[in-house]
Amino acid sequence: MIRNGHGAASAAGLKGPGDQRIVRVWCDGCYDMVHYGHSNQLRQARAMGDYLIVGVHTDEEIAKHKGPPVFTQEERYKMVQAIKWVDEVVPAAPYVTTLETLDKHNCDFCVHGNDITLTVDGRDTYEEVKQAGRYRECKRTQGVSTTDLVGRMLLVTKAHHSSQMSSEYREYADSFGKCPGGQSPWTGVSQFLQTSQKIIQFASGKEPQPGETVIYVAGAFDLFHIGHVDFLQEVHKLAKRPYVIAGLHFDQEVNRYKGKNYPIMNLHERTLSVLACRYVSEVVIGAPYSVTAELLNHFKVDLVCHGKTEIVPDRDGSDPYQEPKRRGIFYQIDSGSDLTTDLIVQRIIKNRLEYEARNQKKEAKELAFLEATKQQEAPPGGEID
Ligand code: CTP
Ligand code: C5P
């Protein structure tokens, strides 16, 4: 069990002197290639109670029911733990959610997105808790899924970049992962539409307070991964009261220094992924590549950090950290992780056929389940639709 710095009272189910018992909420899932759709699910679930416990399945369980995961269980536990709405992570949670699991962790109910999760034999994994009335649903986030992200990596198109979100995207979305039976409403690909509401929901809404140390980091933060989490965790440790601002580069800028069809996630998407991280207080949505005096003065930055990854020069060949270095406020941080976005993409390409098969299998199972549900709901002898 991995706890996120909450008191013994909340873990035991007590709110505080004189208060009512706290509501403990359970979520579980694969949380493979954690994205802002997962974070949004956990945000909604946390808002339904006071304390959120997330059960994450093992590699073995996922391989059995769905196909091999992209990330190992240790990596997936860590990614979920870094999401700011999560109070506790339970490793090796069973794939099928039972009343026994909810009781064991003293949870009132579980929350899942309004899609369906099926076992290897096509059964709803939440059947038991649904029947017992201990199941709540939250809205699945449209426009993001592992299927889509894998597709972007494999197809090497730039149709997902924020400057090109157009009919080109529709063409791209229609061009892959098609299951012979059609497209599932859950696993299928759709375009993500960023709104100010979503940013408000994800943002801390807090300004730096007197006594807090303002730390600035910049980068692509593409496919937000453990390397980023490890880096931000180290950065966060630099001060007693840190206020970490992450400057996200524009898609075109990232493409200039990373090449191919990078970034895999566009600026809108990267914004939500980074805002969901517990070590980040604020995000600059489209930061200048070079950390200028103007930027440092504007945000009253105390420290600037970069990891051990390469620092690519700006367009004119200059060092992007020239100004913070001149001021003596630049620190290079060892995240201890060698993971990069490029390595993730390589992992996926290496296992391309397995992932494609896994996604098609998932979609086919969903379609079969939908068809069966429709038939059960149809009046005797009547037509469907
Ligand atoms: N989820 C969501 N919105 C998304 C993707 C997932 O709300 N766009 C929710 C699911 O409904 C579930 C939780 O995140 O409650 C964990 O999902 P997970 O088991 O990891 O699997 P998938 O739904 O398969 O996610 P993906 O297709 O992106 O792998
Ligand atoms: O590569 P990207 O621009 O997304 O990196 C953002 C920040 O995270 C950079 O400072 C980079 O050095 C750091 N990082 C790290 N360890 C990793 C991956 C990234 O310290 N494994």
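Both backbone and side-chain heavy atoms feed into the values below; hydrogens, waters and symmetry mates do not. Numbering of ligands and ligand atoms starts at 1, following listing order.
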Quiz item: Is it the side chain (CB and beyond), the backbone, both or neither of Thr309 that lies under 4.0 Å from ligand 2, heavy atoms counted?
Solution: both
Practice problem: Of the side chain and backbone of Lys258, name the one, both, or neither that has a heavy atom under 4.0 Å from an atom of ligand 2. | Solution: side chain
Can you report which non-hydrogen protein atom sits closest to [atom], along with the distance?
{"atom": "atom 15 (C) of ligand 2", "answer": "Ser335 OG, 3.5 Å"}
{"atom": "atom 21 (N) of ligand 2", "answer": "Leu339 O, 2.7 Å"}
{"atom": "atom 6 (C) of ligand 2", "answer": "Phe221 CZ, 3.6 Å"}
{"atom": "atom 8 (O) of ligand 2", "answer": "Phe231 CD2, 3.4 Å"}

Considering the heavy atoms of [X], write down every atom of ligand 1 situated less than 4.0 Å from one of them.
{"X": "Val144", "answer": "4 (C), 8 (N)"}
{"X": "Tyr31", "answer": "13 (C), 16 (C), 20 (O)"}
{"X": "Ser145", "answer": "28 (O)"}
{"X": "Gly29", "answer": "19 (O)"}
{"X": "Asp115", "answer": "10 (C), 11 (O), 23 (O)"}

Ligand 1 and [X], any nitrogen or oxygen pair closer than 3.5 angstrom?
{"X": "Val111", "value": "no"}
{"X": "Gln41", "value": "yes"}
{"X": "His38", "value": "yes"}

Quiz prompt | Ligand-residue contact atoms, ligand 2 with Ala220, heavy atoms, under 4.0 Å | solution = 2 (P), 3 (O), 4 (O)
Quiz prompt | Atoms in ligand 2 with a heavy atom of Gly219 nearer than 4.0 Å | solution = 3 (O)
Quiz item: Would you say the side chain of Cys277 lies within less than 4.5 Å of the side chain of Phe224, judging by non-hydrogen atoms?
Solution: yes
Quiz prompt | Exercise: identify the closest heavy-atom pair between Tyr262 and Asp222 | solution = CD2-OD2, 3.7 Å
Practice problem: From the options Lys139, Glu137, Lys66, Gln142, select the one whose nearest heavy atom is closest to atom 24 (O) of ligand 1. | Solution: Lys66
Quiz item: Among all residues two or more places apart in sequence or in another chain, which pass the ring-ring contact (aromatic ring centres under 6.0 Å, His included) test with His57?
Solution: Tyr95
Is the closest basic N to carboxylate O distance between [X] and [Y] below 4.0 Å?
{"X": "Arg46", "Y": "Asp87", "value": "yes"}
{"X": "Asp59", "Y": "Arg76", "value": "yes"}
{"X": "Asp32", "Y": "Lys66", "value": "no"}

Self-check item: Face-on cation placement of Arg136 at Phe109 ring, 6.0 Å and 45° thresholds
Solution: yes
Quiz item: Checking Arg256 against Tyr289: charged group under 6.0 Å from the ring centre and within 45 degrees of the axis?
Solution: yes
Practice problem: Verify the ring-centre separation between Trp26 and Tyr51: is it less than 6.0 angstrom? | Solution: no
Quiz prompt | Distance flag, aromatic centroids of Phe231 and Tyr279, threshold under 6.0 Å | solution = no
Ligand 2 to [X] polar contact by distance, N or O atoms, under 3.5 Å:
{"X": "Gly307", "value": "yes"}
{"X": "His228", "value": "yes"}
{"X": "Ala218", "value": "no"}

Quiz prompt | Residue pair His65, Glu61: steps toward the side-chain contact (heavy atoms from CB on, under 4.5 Å) verdict | solution = CA-CA 6 Å; His65 293 278; Glu61 280 274 271; 4.2 Å; yes
Practice problem: Quick one: which residue pairs count as a side chain to side chain donor-acceptor pair (under 3.5 Å) with a foot in residues 208-219, not counting sequence neighbours? | Solution: none
